[in-house]
Protein chains: 2
Amino acid sequence: MPPRSYVSPARSAAAAETRERVIEAASRTLRDESIARFSLDTVAKAAGVTRLTVYNQFGSRRGLLEAVFDEIARHGGLHQLADAMTMADPRAALDRMVEIFCGFWSRDSAVGRLHDAMATDPEFAEAVRERNERRRRGVTGLIDRIAGKSASQQARSDAVDLIFALTSYPTFASLSAGRSKDEVCRLVQAACHAALAPLLGPSSRGTGEASLEG
Amino acid sequence: MPPRSYVSPARSAAAAETRERVIEAASRTLRDESIARFSLDTVAKAAGVTRLTVYNQFGSRRGLLEAVFDEIARHGGLHQLADAMTMADPRAALDRMVEIFCGFWSRDSAVGRLHDAMATDPEFAEAVRERNERRRRGVTGLIDRIAGKSASQQARSDAVDLIFALTSYPTFASLSAGRSKDEVCRLVQAACHAALAPLLGPSSRGTGEASLEG
DNA sequence: AAATTCGATATACATAATGTATAGTCAATC
DNA sequence: GATTGACTATACATTATGTATATCGAATTT
């Protein structure tokens with residue numbers, strides 16, 4: 001006879017709660033320790049569950065890291081990107097986008113450790129890269145709106161890739177030594193403005209907007 | 001009685017040769033596999049020695065990685081930096097420096113894997129960071145020569161840190177998707193030019209040198 | 001009320017990696 | 001010929017991920 005299966009509200013609620021507890025414990029561990037010392041044993045103990053429970057919930061270390069990443073993304077303010085992209089002025093939208101990502105990179109120091117984890121787990125790295133592709137698409141869209149009709153495809157790609165690199169986590173982390181989040185933000189915004197200059201055509205050099213000054 | 005110790009030319013020569021063989025095997029392994037699959041077992045077998053020999057020569061996994069990094073640095077063309085720094089025109093020196101580093105980052109793909117290793121080994125990361133400080137000092141020296149007297153300390157720091165980030169390996173790797181080494185080099189050079197603009201004072205905007213175009 | 005299902009636990013095991021310890025091998029040097 | 005030093009052989013301790021099996025206990029179904 002077929003087994004009778006059922007869904008239990010109380011069960012799923014409890015499971016969801018432990019899942020949250022594990023993610024929270026994992027985030028805390030990532031914040032406190034380096035990725036080298038991030039073990040499922042540590043996380044499980046910090047969450048007050050068994051290591052096997054972590055496997056039940058996330059399948060693997062990689063699954064846990066992805067869950068943490070998604071949790072941070074949910075609470076990191078990236079939802080504001082939708083509004084930013086619909087702004088009338090694409091340059092203002094770019095500034096806003098830089099601001100949103102600076103806020104995202106700085107909000108939870110665990111994101112840095114997650115980027116470290118990309119080095120040792122190629123599949124996790126791929127997962128993070130896919131999530132970053134949204135940023136690249138966003139930049140591409142804005143560049144297409146900013147670029148004049150005479151701008152070559154080459155110039156567009158250059159601008160997109162430069163701005164993508166400038167708004168990446170490694171760049172943010174590098175510039176964060178001795179700077180507040182807002183200072184980094186202004187610096188990156190200025191660098192992005194400079195990266196737009198070639199899109200405007202040779203005639204519009206030196207209009208001020210292309211300068212690095214905020 | 002004290003043990004009579006001696007130095008043996010033949011012995012040290014043979015040891016130096018096996019050391020080279022291990023480093024070579026480690027470089028090859030780093031080129032072929034991800035850092036996650038970089039184990040002393042693999043390297044030892046590839047070099048035709050025992051794992052214990054690796055420990056005898058390098059003390060630890062970290063010691064081996066540092067030896068590989070130094071070996072790559074020796075053959076990576078960084079010695080050209082000395083000449084570049086003494087060029088009369090500091091802007092030309094900066095261009096040359098970007099060129100030298102693009103060559104360095106692209107010469108041996110093992111450098112990418114070594115940067116990955118920074119994530120899991122904090123002490124190795126510190127060692128690599130110290131070696132990168134030479135680049136930062138070089139940039140600082142050039143900026144001081146380029147900056148006008150009116151340039152604020154803030155503006156100098158901004159330019160130094162931006163150029164340091166632009167010439168870093170992560171930026172190079174990010175821009176390398178779909179670009180040749182030379183194309184990346186020209187793009188980074190242009191971005192560095194743009195980063196210099198604020199140093200020249202507000203009056204010299206739009207002189208062309210500050211544009212992103214090569 | 002009894003049977004069952006599901007999340008979590010307990011325990012054990014396989015595998016791989018770093019690192020340490022000890023004894024042994026063999027050619028180079030004294 | 002005795003000894004030294006680089007390398008080997010073997011073994012062991014530790015830590016981590018991941019898998020397998022049996023069990024407990026509470027929520028749900030019949």
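Residue numbering restarts at 1 for every chain, and letters A, B, ... go by the order of the sequence lines. Values below: all heavy atoms of this structure, side chains included; hydrogens, waters and symmetry mates excluded.
Checked for salt-bridge contact, A:Glu99 and A:Arg96 meet the test: a charged N lies under 4.0 Å from a carboxylate O.
Scored by the side-chain hydrogen bond (donor to acceptor under 3.5 Å, both in side chains) test, B:Glu66 finds no partners at all (sequence neighbours excluded). The side-chain hydrogen bond (donor to acceptor under 3.5 Å, both in side chains) test applied to A:Arg129 returns A:Glu126, not counting sequence neighbours. A search for ring pair (Phe, Tyr, Trp, His ring centres under 6.0 Å) contacts involving A:Phe58 returns nothing, not counting sequence neighbours.
Atom NZ of B:Lys45 and atom P of D:dA9 are 12 Å apart (whole Å). Whole-Å rounding puts the A:Leu64 CG to D:dG18 C1' distance at 14 Å. D:dT17 atom C1' lies 14 Å from atom CD of A:Glu123, rounded to whole Å. Whole-Å rounding puts the B:Ile35 CD1 to C:dA17 C1' distance at 13 Å. Between the CZ atom of A:Arg37 and the C1' atom of C:dT18 there is a distance of 15 Å, given to the nearest Å. Summarising the geometry, the separation between CZ on B:Phe38 and C1' on C:dA16 is reported as 16 Å, rounded to the nearest angstrom.
Geometrically, B:Arg113 does not engage B:Phe38 in a cation-pi contact defined by less than 6.0 Å to the ring centre and at most 45° from the axis.
Within residues 46-59 of chain B, the residues having any heavy atom closer than 4.0 Å to DNA chain C are, in order of number, B:Arg51, B:Leu52, B:Tyr55. Within a heavy-atom distance below 4.0 Å of DNA chain C, the residues of residues 10-24 of chain A found are A:Arg11, A:Ala15, A:Thr18.
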Only pairs under 3.5 Å count here: list side-chain donor-acceptor contacts from residues 74-85 of chain A, not counting sequence neighbours, and write none if there are none.
residue : atom : partner : partner atom : Å
A:Arg74 : NH2  : A:Glu71 : OE1          : 2.9
A:His75 : ND1  : A:Glu71 : O            : 3.2

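Checked options A:Leu187, A:Val188, A:Asp182; the residue passing with A:Val184 is A:Val188 (criterion: side chain to side chain contact (heavy atoms under 4.5 Å, CB included)).
Closest approach of B:His115 and B:Trp105 over heavy atoms only: CE1-CZ3, 3.5 Å.
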